[in-house]
Chemist: 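Dropping the structure in here first, questions after.
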Amino acid sequence: MSPTLWRAGLRHGPRHPVQLLLAVLGIALGVAVVVAVDLTTASARRAFVAANALLAGDATHHLVAGPGGIPEQVYPDLRRAFPDLAMTPVVDGRVHLAAAPGRRFTLVGVDPFATAGRRAARSDQGGPRGVVDAARGAVAAALLVRPGAVALEPSLAADLGVAVGGTLAASAGGGARQLVVAAFLEPRDPLERVGLAGTLVADIATAQEVLGRLGRLDRIDVVAPAAEVVTRLAAALPEGLRLVDAPERSAASARMTAAFELNLRMLGVLALVVGLFLIFNTVGFSVVQRRALLGTLRALGVTRREVLALVLGESVLLAAAGAALGVALGVGLARALLAMVARTVDDLYVAVPATELAIDASALAGAFAVGVLAGVAAAAIPALEAARVAPTAALARSDLETRVRAGVGPAARCGLVVLALGALLAALPARSLGLGFAALFAVVAGFALMAPWAAAVLLGGAERLALQGRRVLVALSVRGARASLSRTAVAVAALAVALAATVGVATMVGSFRASVERWLDTTLRADLYVGVGPQAAGRRMDRALVARIARLDGVREVSSALRLTVESGVGPVRVSALDPATESPAGFDLLETVGGSPWAALAVEDAVLVSEPFAWRHRLGVGDRLELLTRRGMRPMRVLGIYRDYETERGVVLLHRAVADRLWAEPGVTGIGVYVAPGASTARVLAAVADAAADLAGDGPAPVVTPSAAIRAASLVVFDRTFAVTEVLRSIAALVAVGGIVGALMAIQLDRAREIAVLRAQGLTRGEVFASVQGQSAALGLTAGTLAVPLGIALAAILVHVVNRRSFGWSMDLRLDLGELALVPAVAVGAALVAGLWPAWRMARTNPALALRGD
Amino acid sequence: MLELTAVARSYPEGDGRRTVLEHVDVRVEPGECVAVIGPSGSGKSTLLNIASGIDAPDAGHVVLDGVRLDALGERARTLLRRRRVGFVFQFFNLLPTLTVAENVRLPLELNGVAPAVARRRAVEALAGLGLADRADAFPDRLSGGEQQRVAVLRALVHGPSVVFADEPTGNLDRDSAAAVLDLLVAAVRDHGASLLMVTHSDSAAARADRVLAMRGGALVPADPVRAAPDRPGVGS
């Protein structure tokens with residue numbers, strides 16, 4: 001194509017810098033959110049995978065047992081039975097360090113001798129290296145020589161302000177302990193450094209002591225050279241031990257965060273979709289502005305294909321500039337969001353050791369390409385419109401508006417069909433989260449197609465109202481907005497979609513929060529709860545404490561629970577063994593049961609209740625059986641009921657303590673519920689319980705006694721923190737939409753330049769011009785706000801009943817806050833008025849003589 | 001050479017159709033200037049659009065430089081227009097995003113002339129009109145008369161066989177109009193091109209070899225009085 005022809009097209013943008021800037025920013029912000037979500041989730045995942053890989057090393061299998069772990073003696077027995085098999089005993093658990101109270105660390109105990117043997121047994125020296133390999137040679141010697149010795153990565157040591165020979169105050173299941181930094185672990189590559197960022201390595205005996213697991217192993221890592229060996233080993237295992245596939249287990253852990261990541265990614269896509277409206281608007285407007293120019297080009301012999309190429313070429317450049325800026329902004333945004341996302345993943349799913357941003361060039365290139373493609377796709381319709389421009393007979397604006405108005409009805413009908421399709425997809429009894437999001441986006445697309453029709457109806461009504469009030473100037477403003485549907489409709493749709501997304505997500509979060517609050521009120525039936533506290537996670541309380549508290553004055557009754565992690569037919573599961581109080585059953589909102597109350601059967605049968613997310617995740621229904629690994633091997637447990645639970649999306653299996661004792665004979669409890677007698681002082685009982693707990697704990701860390709109200713408040717803090725990141729992302733989508741309104745108003749004002757000049761010549765003051773423009777802003781905002789309410793409710797319903805359900809397995813009631821919904825149009829008007837400030841100011845300052853001079 | 005035979009065109013209006021061109025026959029020889037006059041709404045612009053292949057007739061056919069337009073598809077008609085047609089518009093229609101020289105060289109480049117050559121030829125052509133110093137200015141810096149002279153240059157620079165002019169002096173003062181007409185008519189005759197000019201201006205019509213009037217949807221020879229030069233005080 002002729003370079004001069006390219007110049008004819010490309011010089012248009014710089015002549016309208018504000019339009020250009022808005023389009024570039026629209027795509028940039030959308031891409032930025034996509035990049036930020038991608039980088040943060042990938043970084044958190046990378047850190048988790050690196051840590052996991054480091055812990056697993058080159059193990060092909062893990063040997064695991066029931067909740068109490070593997071008796072230490074099993075290891076030498078197996079070594080003797082399988083002398084050629086490389087095996088490593090491992091003890092690991094969470095520790096807290098006084099030097100970094102907000103962070104969580106993993107203490108890994110390894111046997112340096114076994115490590116050396118395993119290394120020697122490996123034929124492939126270049127294979128994956130685990131933490132056991134890192135702790136060999138001088139490091140191993142240092143760990144063995146000093147009691148309480150740990151090794152850690154140098155930059156972690158620097159973070160903690162400790163050098164070799166220094167000490168770290170630590171607390172874990174075994175109580176408080178001083179650890180000595182005996183050596184540094186030198187990471188082999190950056191990924192290994194990420195994996196080691198939250199890890200302390202110790203000799204196995206030290207780890208057992210610190211974590212309170214004397215005589216027990218958490219697992220034995222096995223490097224099996226062939227399937228035949230695995231079969232042989234599995235057959236020779238003592239009762240209660242199980243061999244699991246190591247890579248499969250790592251993958252299952254990584255999969256846990258998939259729904260969370262997908263939800264964040266969809267918010268990124270939403271911002272990009274709103275950005276697309278801006279591109280569509282800008283390119284569409286530039287085509288309308290240049291109809292005469294395009295018509296002249298066509299008359300001069302420029303073909304339709306060349307016009308199409310010209311407009312699409314401009315869009316490619318526009319989108320590329322936006323996408324490039326978006327990638328840069330996205331990296332910055334990712335840095336800001338990383339801590340938030342990592343914290344949420346850490347709170348809800350798996351330990352994430354590091355908060356270091358990993359910048360993946362291919363992800364950036366992918367986001368750039370998505371931005372460019374999306375920009376070009378958004379420009380396709382206006383570009384085709386441009387190619388249809390008749391030579392010389394460039395359509396008058398009124399002709400275009402007539403055509404747009406003629407298209408409003410068919411578009412609305414088409415929108416209705418897409419909307420119905422979205423509703424149908426949402427109603428399908430499927431489990432696919434992808435289908436859920438397809439339903440969500442179909443509803444958005446259907447609504448956007450209906451927006452021009454709805455905008456025409458609403459603005460028509462506003463115009464009639466204005467005329468009834470004999471406010472000609474106001475009517476003129478509203479009519480101007482209605483007469484320019486070709487550009488206002490897209491801006492209104494963009495603002496409506498962004499606002500609706502905000503309303504939808506806010507309603508979903510509100511509904512979720514209300515359900516969680518209700519659940520907390522139901523569940524937290526006791527007045528006080530006794531637990532080991534976060535500083536001693538993994539530690540258990542003596543069961544005698546339960547009886548002692550029950551005897552205290554002012555205590556009506558107690559319940560107790562032991563939390564365990566148990567191997568099952570579906571991998572490791574959280575089990576809660578409950579010794580209920582009379583009131584405890586009332587704390588469970590049973591969604592389904594095999595018939596009648598399950599509590600009596602639960603106390604005697606091999607039976608469990610499972611939480612709603614657990615049932616969803618593992619496709620379990622009442623009456624089904626779940627296999628749990630017990631002292632005597634795998635045992636099928638009948639599911640008697642499914643109960644509502646928002647504690648964790650991984651789900652919980654609940655059984656009676658009497659049954660748990662039969663299956664595992666695990667000592668201690670991890671939580672005690674205390675019911676205060678009527679008339680007794682809760683504060684006094686709290687003090688008495690705390691005294692009793694401290695007395696029984698001796699020198700160990702005293703259990704923590706917390707009123708139920710405090711637990712409720714703390715739970716809601718975690719909840720709010722979880723959704724903080726969505727707040728940031730949807731704010732960006734709203735910002736992009738406001739940009740759309742600015743662009744649309746600019747477009748209308750350019751169209752109205754002559755009309756305004758005539759009005760100015762007839763004596764309209766600058767203030768009145770300003771008010772007239774802002775009248776249009778308000779009309780557009782009001783229209784968008786009014787449309788956003790029903791769409792927002794529809795989105796909320798899909799988020800609550802489809803997306804959330806399929807992501808996390810939680811059911812909840814949709815809770816509409818009518819007061820907040822009523823405010824949406826007002827917020828939209830406010831946003832539009834802010835967006836209209838600059839165009840209004842510009843038009844008010846226009847010199848009427850210039851505008852009247854003509855072409 | 002341009003030839004229209006039995007051309008008819010109507011447009012939908014209300015429940016029926018309004019006939020704009022009933023039966024138009026006209027032939028413009030190479031080097032000949034034909035002016036078409038007629039009141040507003042008589043179909044002059046429709047005639048021009050059909051003759052140039054921008055619009056298609058309901059009946060009849062157009063032969064442009066020996067090629068029947070109804071035998072061509074939209075793209076082929078566009079390429080024919082690119083190579084063999086020049087346009088002059090009432091409102092100049094210079095491309096605002098291109099400089100004066102770039103406006104002139106665009107048809108050359110569209111026809112495959114190398115950009116450097118096109119640039120040289122455009123500057124030379126502008127120099128011939130005394131506009132060399134405005135070559136790098138954008139059109140909005142030129143007077144109406146200057147803009148229309150540049151537009152004439154753009155219409156002729158690639159050596160078209162047929163030039164269409166739609167009210168070429170309709171937006172100019174008398175002196176500028178005379179200068180533009182001098183340029184247009186002389187250039188068309190020099191190039192041996194055919195000129196079909198739609199105009200309201202008697203003085204413009206008077207420069208043509210033949211003047212036809214659009215009446216009742218057909219072209220008829222114009223009243224000789226109308227074809228006389230403008231009387232003083234009668235604007236163009």
Side-chain angles (χ1 to χ4, degrees), chain A residues 1-17 19-20 286-311 313-314 317 384 386-396 399 402-403 406 750 850-851 853-855, chain B residues 45-46 48-50 52-56 73-99 101-116 118-119 122 138-140 144 147 151 154-155 157-158 160 164 166 171:
Chain A
M1 217 159 71
S2 147
T4 304
L5 186 57
W6 276 121
R7 275 199 286 277
L10 296 181
R11 281 186 190 150
H12 178 77
R15 287 171 163 236
H16 301 87
Q19 262 174 269
L20 194 69
S286 82
V287 167
V288 170
Q289 262 180 329
R290 289 185 294 173
R291 292 183 75 81
L293 181 149
L294 295 170
T296 303
L297 284 176
R298 295 277 290 119
L300 294 177
V302 174
T303 62
R304 284 185 173 158
R305 207 174 296 171
E306 284 168 330
V307 170
L308 186 69
L310 191 66
V311 177
E314 290 169 30
L317 289 179
L384 287 169
R388 275 202 296 267
V389 170
T392 67
L395 285 178
D399 291 340
T402 307
R403 277 175 52 187
L750 283 173
L850 286 177
R853 214 171 65 180
D855 297 289
Chain B
S45 294
T46 302
L48 222 52
N49 287 345
I50 288 176
S52 60
I54 285 171
D55 196 3
E74 198 282 330
R75 181 176 162 78
R77 283 205 309 274
T78 302
L79 294 177
L80 182 77
R81 207 159 53 235
R82 173 187 291 197
R83 283 192 287 270
R84 303 194 192 170
V85 171
F87 261 108
V88 181
F89 306 98
Q90 179 179 359
F91 293 108
F92 328 134
N93 286 17
L94 293 178
L95 302 173
T97 50
L98 294 182
T99 64
E102 286 168 342
N103 265 283
V104 176
R105 65 193 262 204
L106 179 62
L108 294 172
E109 286 189 21
L110 288 176
N111 281 291
V113 176
R119 159 92 195 155
F138 282 93
D140 58 356
Q147 286 194 47
R154 181 181 66 182
V157 70
H158 57 300
F164 296 100
D166 189 358
N171 220 24

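Scope of the values below: all heavy atoms of this structure, side chains included, with no hydrogens, waters or symmetry mates. Predicted model, so just to flag it, every value in this text is computed and none were measured. Just so it is clear: chains get the letters A, B, ... in the order the sequence lines come, proteins before strands, and each one is counted from 1.
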Chemist: Could you list the residues that satisfy ring pair (Phe, Tyr, Trp, His ring centres under 6.0 Å) with B:Phe164, not counting sequence neighbours?
Modeler: B:Phe87
Chemist: Side chain, backbone, both or neither: which part of B:Pro107 has a heavy atom under 4.5 Å from chain A?
Modeler: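 Contact with chain A: none, neither part.
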Chemist: Excluding sequence neighbours, so at least two apart, what forms side-chain hydrogen bond (donor to acceptor under 3.5 Å, both in side chains) with B:Glu102?
Modeler: A:Arg7, A:Arg11, B:Thr99
Chemist: For the interface with chain A, which of B:Leu94, B:Val113, B:Leu106 has the highest count of heavy-atom pairs at distances below 4.5 Å?
Modeler: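 Among B:Leu94, B:Val113, B:Leu106, the one with the most close pairs to chain A is B:Leu106.
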Chemist: Which bit of B:Arg154 is near chain A, if near means a heavy-atom gap under 4.5 Å: side chain, backbone, both or neither?
Modeler: side chain
Chemist: Could you go through the side chain to side chain contact (heavy atoms under 4.5 Å, CB included) check for B:Gln90 and B:Asp166 one step at a time?
Modeler: CA-CA 6 Å; B:Gln90 179 179 359; B:Asp166 189 358; 5.5 Å; no
Chemist: Applying side chain to side chain contact (heavy atoms under 4.5 Å, CB included) to B:Leu98 and B:Arg105, what does each step give before you reach the verdict?
Modeler: CA-CA 10 Å; B:Leu98 294 182; B:Arg105 65 193 262 204; over 6 Å; no
Chemist: In terms of heavy-atom pairs under 4.5 Å with chain A, which of B:Arg83, B:Arg81, B:Glu109 leads?
Modeler: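 The candidate making the most pairs under 4.5 Å is B:Glu109.
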